Amino acid sequence: MSSILRSSQLRNNVWSSFPVRFLKQQAGLSTAKLLGSRSCEIRHFTTQVQDLGKQVVDTATVLIFDVETTGFFHKDHRIIEFALYDLSGGKNSTFETLVNPERTVPNHVARVHNIGTGLVCRPDIPRFSDVIPLLLAYVRSRQAHGKPILWVAHNAKQFDARFLAQEFDRCSAPIPADWLFFDTLVLAKKMVKAEGKKRPTNLEALREHYGICSNGTAHRAMRDVMILGQVFQKMTFDLKLTYKELMNEAMRASEFSNVS
DNA sequence: TCAGAAGTATGTCTGTTGGT
DNA sequence: ACCAACAGACATACTTCTGA
């Protein structure tokens with residue numbers, strides 16, 4: 001495996017403590033004190049994370065993930081960047097890698113995420129078949145014994161989960177049966193409907209709605225993952241979603257069986 | 001009892017939305 | 001650029017109610 005993959009896949013960054021460990025570190029501090037800081041990280045945490053967030057994190061491993069691809073259509077296009085973040089935080093809570101799609105990246109798509117053919121179609125960039133064993137090992141290392149993995153993405157149902165399933169299928173690798181997929185777009189639509197208002201439900205709109213600051217390039221996988229991690233917790237809090245309801249909404253990989 | 005109006009349920013079509 | 005899901009608008013069918 002290339003050194004690039006080794007160095008990028010388990011890269012920790014300043015967000016690696018987000019959010020549970022951070023809260024534990026901040027235990028005893030008042031909400032006012034938390035809110036008082038101008039720190040981006042601190043501003044995201046008032047009192048909202050404790051209930052469902054902790055309940056879910058304690059009951060399943062929640063992995064927020066995002067993929068960048070060569071296009072929209074999972075049957076024709078390929079993943080070129082993969083990022084995930086383990087909501088329980090701690091050391092090595094992120095996994096991020098570029099992926100060699102073994103095909104060109106259309107210019108109109110490259111303009112979206114700034115990942116062009118020259119960046120990923122190189123021998124030192126791993127193919128998804130190289131990434132799968134590392135990903136499986138990484139997920140196993142984060143998984144609590146006997147507890148499922150809950151993969152969370154925005155528009156997972158139509159996009160991210162399908163691409164992931166498609167890539168596993170291409171490599172004839174089965175997706176573990178205890179991997180469940182949750183779509184935050186469905187949640188966002190429910191929330192907007194419950195409000196009786198009409199506003200966009202895309203990730204950028206949700207980020208603005210919750211006043212989440214962003215750093216990094218738009219439409220890059222890890223940046224979107226970090227935003228979604230915060231949006232997910234805030235939405236589940238707003239909707240007073242129980243762990244049971246969350247798991248009921250989750251889909252199994254077999255539900256993307258039209259992958260062929 | 002019958003005709004017509006009103007209300008409800010269901011199906012179809014179209015436009016919008018979300019992801020890169 | 002593609003595809004699927006969804007919401008809303010609209011049409012149609014059916015049921016219920018009212019008055020003659």
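Keep in mind that the numbers below use all heavy atoms, side chains included, and drop hydrogens, waters and symmetry copies. Labels below follow one simple rule: chain letters A, B, ... track the order of the sequence lines, proteins then strands, and each chain is numbered from 1. Computed from a prediction, not measured in an experiment: that's the story for all the values here.
Contact annotation for A:Val67: backbone-only contact, meaning every heavy-atom pair under 4.0 Å involves sugar-phosphate atoms and none involves a base. Nucleic acid contact for A:Pro200: sugar-phosphate only, since backbone atoms but no base atoms lie under 4.0 Å from a heavy atom of the residue. A:Asp183 comes within contact range of no nucleotide atom at all, as no heavy-atom separation falls under 4.0 Å.
A donor-acceptor contact closer than 3.5 angstrom is absent between the side chains of A:Tyr138 and A:Asp86. Side-chain contact annotation: A:Thr184 with A:His154, donor-acceptor N/O pair under 3.5 Å present.
Residue A:Lys189 contributes atom NZ, which lies 14 Å from atom C1' of C:dG8 at whole-angstrom precision. Note: NE2 (A:His113) to C1' (C:dA1) measures 13 Å, nearest angstrom. Summarising the geometry, the separation between CZ on A:Phe181 and P on C:dA4 is reported as 19 Å, rounded to the nearest angstrom. Following rounding to the nearest Å, A:His154 (NE2) and C:dA5 (P) show an atom-to-atom distance of 16 Å. Rounded to an integer number of Å, the gap from CZ of A:Arg78 to C1' of B:dG19 is 18 Å. Rounded to whole Å, atom P of B:dG18 lies 11 Å from atom CG of A:Leu203. Distance CG (A:Asp224) to C1' (B:dT20): 11 Å, rounded to an integer number of Å. For the pair A:Arg199 CZ and B:dT16 C1', the computed distance is 17 Å after rounding to whole Å.
C:dC2 has its base stacked against the ring of A:Phe72, the centroids being under 5.5 angstrom apart at an interplanar angle below 30°.
Closest approach to the A:Arg162 side chain among C:dA1, B:dT20, C:dA5 is made by C:dA5 (side chain taken as heavy atoms from C-beta onward). Among the nucleotides C:dA1, B:dG19, C:dA5, the one closest to the side chain of A:Gln158 is C:dA5. Relative to the side chain of A:Phe159, the nucleotides B:dG18, C:dC3, B:dT20 differ in distance, and B:dT20 lies closest. The side chain of A:Phe73 sits closest to C:dC2 out of C:dC2, B:dT20, B:dG19. Considering only side-chain atoms of A:Lys157, the nucleotide from C:dA4, C:dC6, B:dG18 that sits closest is C:dC6.
When the salt bridge (Lys or Arg N to Asp or Glu O under 4.0 Å) test is applied to A:Arg170, the partners found at least two apart in sequence or on another chain are A:Glu167. Considering only residues two or more places apart in sequence or on other chains, A:Lys189 meets the salt bridge (Lys or Arg N to Asp or Glu O under 4.0 Å) condition with none of them.
Taking 4.0 angstrom as the limit, A:Thr201 places a side-chain polar atom (N or O) nearer than this to OP1 or OP2 of B:dG18.
In terms of modelled atom types and a separation under 3.5 Å, the side chain of A:Asp66 and the main chain of A:Val225 share no donor-acceptor contact.
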